[in-house]
Protein chains: 2
Amino acid sequence: MTTASTSATRWLTDEEQHVWRAYLHATTLLEDHLDRQLQRDAGMPHIYYGLLVQLSQAPRRRMRMTELARNVKITRSRLSHAIARLEKNGWVRREECPSDKRGQNAVLTDDGYAMLSRSAPGHVDAVRQAMFDRLTPEQVRSLGDIMRVIAGGLEPEGTDADLPWLR
Amino acid sequence: MTTASTSATRWLTDEEQHVWRAYLHATTLLEDHLDRQLQRDAGMPHIYYGLLVQLSQAPRRRMRMTELARNVKITRSRLSHAIARLEKNGWVRREECPSDKRGQNAVLTDDGYAMLSRSAPGHVDAVRQAMFDRLTPEQVRSLGDIMRVIAGGLEPEGTDADLPWLR
DNA sequence: GACCTTTTCTTGAAAGTTTAACTAGATAGG
DNA sequence: CCTATCTAGTTAAACTTTCAAGAAAAGGTC
């Protein structure tokens, strides 16, 4: 008796299915919740807010496009569109990179910084209420470990060092 | 001396910030990964695939639009558009609800079922490789607990029983 | 039954994302 | 230097999602 050459699928156990479902529910509900909260209070979706936060923490509040895209895990194309929109709002502006004429820096404007300062407390509250205020300290630690493991498995870095970092 | 009426923001601790960042990275990387996997192997984004899975598990492979939307946590509007697209692909068809003339049932077609059968193994593998094969059994259990807590806090059900379930 | 409200689902336009193609500048090899 | 290749970033078009508005049936209430 030979077994099939294509190995049989290892389906999810009942528990795994429940965990997976819970994961999908929680992550989509949370993303929706924060998108709405920020759309209402800051006039932009969550990912755009994340871009401003990145810039606010970068030296001189500016960053190369590619690095910014890598940090928030989006494609360069998506970032181009996003920055164009944020530029229209006056929260970011583009600036040529002195050392590499192909390059662009995205720069957080004073208006952008002001709007971040205004909306950050509300956003932190939302994150707290949805996540940290509901979990025990052990759960927070555990969640961190788990998320780092998952992210680590999906980061291109490591094995395929010279592949484009996304796609 | 009265204290300020607006309570001071409770910022995130260092650990919380790291956990939050890890959460954002892991969830966006995983969602991107599965979207690409399914776009390649099944010709649709992850959420659409989830709709077909729901239908495949429902009695008689059909479900009312609103219930389907609630199950996968998307708005009715989004579902309408999504079902329209899946209908064009021939994987779902609409059917009037006999008991409520406003209602529609989304029905998984045989083609839809066949395509699910074809792509399910690859998708389960992807989920396994990204998540379950990397976590210890305790971590899987813990992740389930954590995600249920978070989802529970965001579910409209409970307090606001008569609010629309989303938005 | 007439009236008002709620629920179900759809629609069209605006906003955001993806995909593939493309421009321009950097880099490496000969 | 010249050419091939790679990298940074943008763009156009197709697709998806959101938002606001609306049609139609159901469910009260008097």
Side-chain angles (χ1 to χ4, degrees), chain A residues 28 31-40 42-51 63-89 92-106 161-167, chain B residues 28 31-40 43-51 63-70 72-89 92-106 156 160-167:
Chain A
T28 64
E31 184 58 16
D32 266 24
H33 183 67
L34 295 182
D35 261 344
R36 281 192 223 307
Q37 184 264 317
L38 284 170
Q39 193 70 57
R40 177 166 45 75
M44 62 188 136
H46 187 202
I47 193 107
Y48 286 38
Y49 184 88
L51 293 174
M63 203 182 286
R64 283 292 291 273
M65 295 291 278
T66 296
E67 192 190 351
L68 183 49
R70 180 168 34 233
N71 283 3
V72 294
K73 264 84 188 166
I74 62 177
T75 61
R76 292 208 228 41
S77 170
R78 189 173 172 183
L79 179 63
S80 265
H81 291 294
I83 293 293
R85 197 271 219 187
L86 291 172
E87 225 172 356
K88 265 191 211 159
N89 284 293
V92 169
R93 77 186 141 73
R94 285 177 223 243
E95 181 187 78
E96 305 219 327
C97 176
S99 58
D100 185 339
K101 279 173 191 163
R102 295 167 305 179
Q104 294 276 107
N105 278 315
D162 61 348
L163 275 183
W165 52 272
L166 199 65
R167 163 184 348 258
Chain B
T28 64
E31 184 59 16
D32 266 24
H33 183 66
L34 295 182
D35 262 345
R36 278 189 225 302
Q37 185 264 316
L38 284 170
Q39 193 69 56
R40 179 166 44 75
M44 62 188 136
H46 187 200
I47 192 110
Y48 287 39
Y49 184 88
L51 294 173
M63 203 181 286
R64 283 291 291 275
M65 295 290 278
T66 295
E67 192 189 351
L68 183 49
R70 181 167 33 233
V72 294
K73 265 82 189 164
I74 62 176
T75 61
R76 293 211 228 41
S77 169
R78 187 173 173 183
L79 180 63
S80 264
H81 290 295
I83 293 293
R85 197 271 219 186
L86 291 171
E87 225 171 356
K88 266 190 208 158
N89 285 292
V92 169
R93 78 186 141 73
R94 284 178 223 244
E95 182 186 79
E96 306 218 326
C97 175
S99 57
D100 185 338
K101 278 171 193 164
R102 295 167 305 179
Q104 293 275 108
N105 278 316
D160 297 318
D162 62 346
L163 275 184
W165 52 272
L166 200 66
R167 161 183 346 261

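Every chain is numbered from 1, with letters handed out A, B, ... down the list of sequences. The structure displayed is predicted, hence computed values, not measured ones.
- The shortest distance between the side-chain N/O atoms of B:R64 and the OP1/OP2 oxygens of C:dT7 is not below 4.0 Å.
- Summarising the geometry, the separation between CD on B:E31 and C1' on C:dT18 is reported as 14 Å, rounded to the nearest angstrom.
- Between the side chain of A:H81 and the base of D:dG9, no donor-acceptor pair of N or O atoms lies under 3.5 Å.
- For the pair A:L86 CG and C:dA15 P, the interatomic distance rounds to 14 Å; values are reported in whole Å.
- Contact check for A:E31 versus A:H46: side-chain heavy atoms found under the 4.5 Å cut-off.
- The stretch residues 94-103 of chain B participates, sequence neighbours left out, in these side chain to side chain donor-acceptor pair (under 3.5 Å) pairs: B:R62-B:E95, B:E87-B:R94, B:D100-B:R102.
- Two residues, B:P45 and A:Q39, neighbour DNA chain D, and the one matched to the more 5' nucleotide by heavy-atom proximity is B:P45.
- As a whole-Å value, the separation of A:R70 CZ from D:dT7 P is 12 Å.
- Looking at every heavy atom in both residues, B:M44 comes nearest to B:Y49 through SD-N, 3.9 Å.
- The side chain of B:S80 lies closest to C:dC9, out of C:dT19, C:dC9, D:dT17.
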Pick out the pairs of N or O atoms, protein on one side and nucleotides 21-28 of chain D on the other, that lie under 3.5 Å.
unit_1: D:dA26; atom_1: OP1; unit_2: B:K101; atom_2: N; d: 3.4

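- Note: NE2 (B:H46) to P (C:dT17) measures 19 Å, nearest angstrom.
- Summarising the geometry, the separation between NZ on B:K73 and P on D:dT17 is reported as 17 Å, rounded to the nearest angstrom.
- Side-chain nitrogen and oxygen atoms of A:R76 include none within less than 4.0 Å of the OP1 or OP2 phosphate oxygen of D:dG9.
- In terms of heavy-atom proximity, A:N105 sits nearest to A:R64 at OD1-N, 3.3 Å.
- Nucleotide C:dT19 holds its C1' atom 10 Å from the CZ atom of B:R36, rounded to whole Å.
- Which of D:dG9, C:dT8, D:dC19 sits closest to the side chain of B:T66 comes down to C:dT8.
- If you check every strand for non-hydrogen atoms under 4.0 Å, A:L79 touches nothing.
- Counting all heavy atoms, side chain and backbone alike, B:L68 lies closest to B:A106 at CD2-CB, 4.1 Å.
- In this structure, the side chains of A:L79 and A:L51 come closer than 4.5 Å at one or more pairs of heavy atoms.
- Across all their heavy atoms, B:R78 and B:T75 have their closest contact at N-OG1, 3.1 Å.
- Looking at B:S77, its side chain has no donor and acceptor atom pair within 3.5 Å of the base of C:dT10.
- Phosphate proximity of D:dT10 to A:R78: absent, as no side-chain N or O sits under 4.0 Å from OP1 or OP2.
- Proximity of A:I83 to A:M65: side-chain heavy atoms (C-beta onward) are separated by under 4.5 Å at one or more points.
- Put simply, NZ on A:K88 is 12 Å from C1' on C:dG16, counting in whole angstrom units.
- Here D:dC15 presents its C1' atom at 15 Å from CD1 of B:I47, a figure rounded to the nearest Å.
- Side-chain nitrogen and oxygen atoms of B:R85 include at least one within less than 4.0 Å of the OP1 or OP2 phosphate oxygen of D:dT16.
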